[in-house]
Amino acid sequence: MLEVIEALIQATSKDRVTTNETILAQHSKDEAYLEPRNPDVVVFPESREEVSSIIKIANEFQVPVVPFGLGTSLEGHVIPYHGGISLDFSSMNKQIEVKPDDFLVTVDPGVTRSQLNKKLKPYGLFFSVDPGADATLGGMAATNASGTTAVKYGVMKDQVRSLEVVLPNGKIIQTGTHAAKSSSGYHLSSLFVGSEGTLGCITKLTLQVYGIPETIVAARVSFKHLNQAVEAVIYLLSAGIELARVELVDEVSIKQVNESNDKNYKEAPTLFIEFHGNEASVQHDISFAEEMLADADGMNIEFEKDVKGRNELWEARHNLAYSFVHGHPGKKMMVTDVCLPISQLALGIQHAREQMDALSLDGALLGHVGDGNFHALLMIDPENVEEKRKADLFNEAIVHHALQRGGTCTGEHGVGVGKMKYQQLEHGDSFEVMQQIKLALDPNQIMNPGKIFDRV
Ligand SMILES: Cc1cc2nc3c(=O)[nH]c(=O)nc-3n(C[C@H](O)[C@H](O)[C@H](O)COP(=O)(O)OP(=O)(O)OC[C@H]3O[C@@H](n4cnc5c(N)ncnc54)[C@H](O)[C@@H]3O)c2cc1C
């Protein structure tokens, strides 16, 4: 390894190549419940040329490279189980070039979503994808992240116009163009989106952005039963009401919201909804929605029209995971997500609740119901082997239930290590095609080995 470290210093600089124990430990884990493992060295590149040189060194010495954004992923994506180099993109966060007339922005991979939104605000623009953590755009593309607004604006894949990628042989390529559509050749941007650092490093992204809507109104409505809330969403969507956000928060989560945010929301399954548009269209949508929600047995419908109230509502939703962590000292959060066709979602959530109760697990169910995606958030004692076993059984049960109903083992968190065992089952013969693509691009399997696939 000493020879590798010497070569990495030559390719970058001494102060950006480190084996400091604290920094190694920071790169040994993400937000998953999985065992950490230190990399051998952490490198902080500042340009695509440096990334390319690092990858060439890794190839020459056959050393693994694990791209690292902010380490907020939830399935062990950045844990370097095979050792090697953790390639931290936090120093590549300077460029944010806004092209307002094209509704595009070109950014470095280490730029975070909130950093981008701050820059876009004076242009009257915003970037829509909002995972609960303030992640990097490189990491978000690599996991095909999404969040509360996917129901209207789509997921990360839908925002990526073009990418600059350093391939596992060190070659730098550009995928896609800045045109809004193209039928030219294979859609390589989509191949790299969601590839979790296993096919190369993203060193630049051109992303679609949107005009900040003139009028935004949020709403909160509760229901007696979870499945009534899901059915109400289907009802609203099939009536063609444009929902910009629609989040399901179960009773346990509402209790946590109340405790952590000093609120007294009704402790019942609840939908947090948001409408975007101009004054007239939003007014029309909310009066139509109000009627439909009442017909669907929605109770206590409340609207938040001012910015403060709306921000408080969404902050409470976004901070829910961390609220659970603070409310359960000594326990660790295990979050898992599955996604189903929306017609199957109520069944999926009901099944998850039954499994959680049958296993006596402490946890909550919430999710981006507008696109069929729900999350189970379990608080477990990492030292308690039996509790961990039960959490694994729960995870397995909800994944199998989703797969049997035409769903996927993860709607947005990704595969990492945690969902690797379901890949063959979900993809069948297509999984072999994925393995062939991996080997064609990365024959030495240096890029994030042991994620999505076992190392062959
Ligand atoms: C409280 C909380 C809430 C969350 N809510 C959501 C949610 O609502 N929706 C959602 O989708 N996710 C959510 N997540 C998960 C996480 O935030 C996302 O997966 C996010 O996209 C990870 O970004 P990151 O910058 O932290 O990347 P990292 O965790 O550092 O890396 C993620 C993956 O991307 C790869 N990678 C990173 N940078 C690059 C690069 N430049 N080139 C190539 N590969 C790269 C890594 O190797 C790894 O495989 C949540 C996480 C937390 C902790």
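Counting convention: from 1, in listed order, for ligands and their atoms alike. These values consider heavy atoms only, across backbone and side chains, with no hydrogens, waters or symmetry-generated copies.
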Quiz item: cation-pi between R245 and F272, 6.0 Å / 45°: no
Name the residues in contact with ligand 1, where contact means a heavy atom under 4.0 Å away: which are they? E31, P67, F68, G69, L70, G71, T72, S73, L74, H77, V78, F89, P109, P131, G132, A133, A135, T136, G138, G139, M140, A142, T143, A145, S146, E196, G197, G200, C201, I202, A321, Y322, H368, E412, H413, N448
Does R353 come within less than 4.0 Å of D250, counting only side-chain N to carboxylate O? yes
Check whether the ring centres of F126 and Y153 lie less than 6.0 Å apart, and answer yes or no. yes
Looking at residues at least two apart in the chain, or sitting in another chain, which of them share a ring pair (Phe, Tyr, Trp, His ring centres under 6.0 Å) with H318? none
List in chain and number order the residues that pass ring pair (Phe, Tyr, Trp, His ring centres under 6.0 Å) with F61, two or more places apart in sequence or in another chain; answer none if no residue qualifies. none
In short, ring-ring contact (aromatic ring centres under 6.0 Å, His included) pairs touching residues 431-451 with sequence neighbours left out are F431-F453
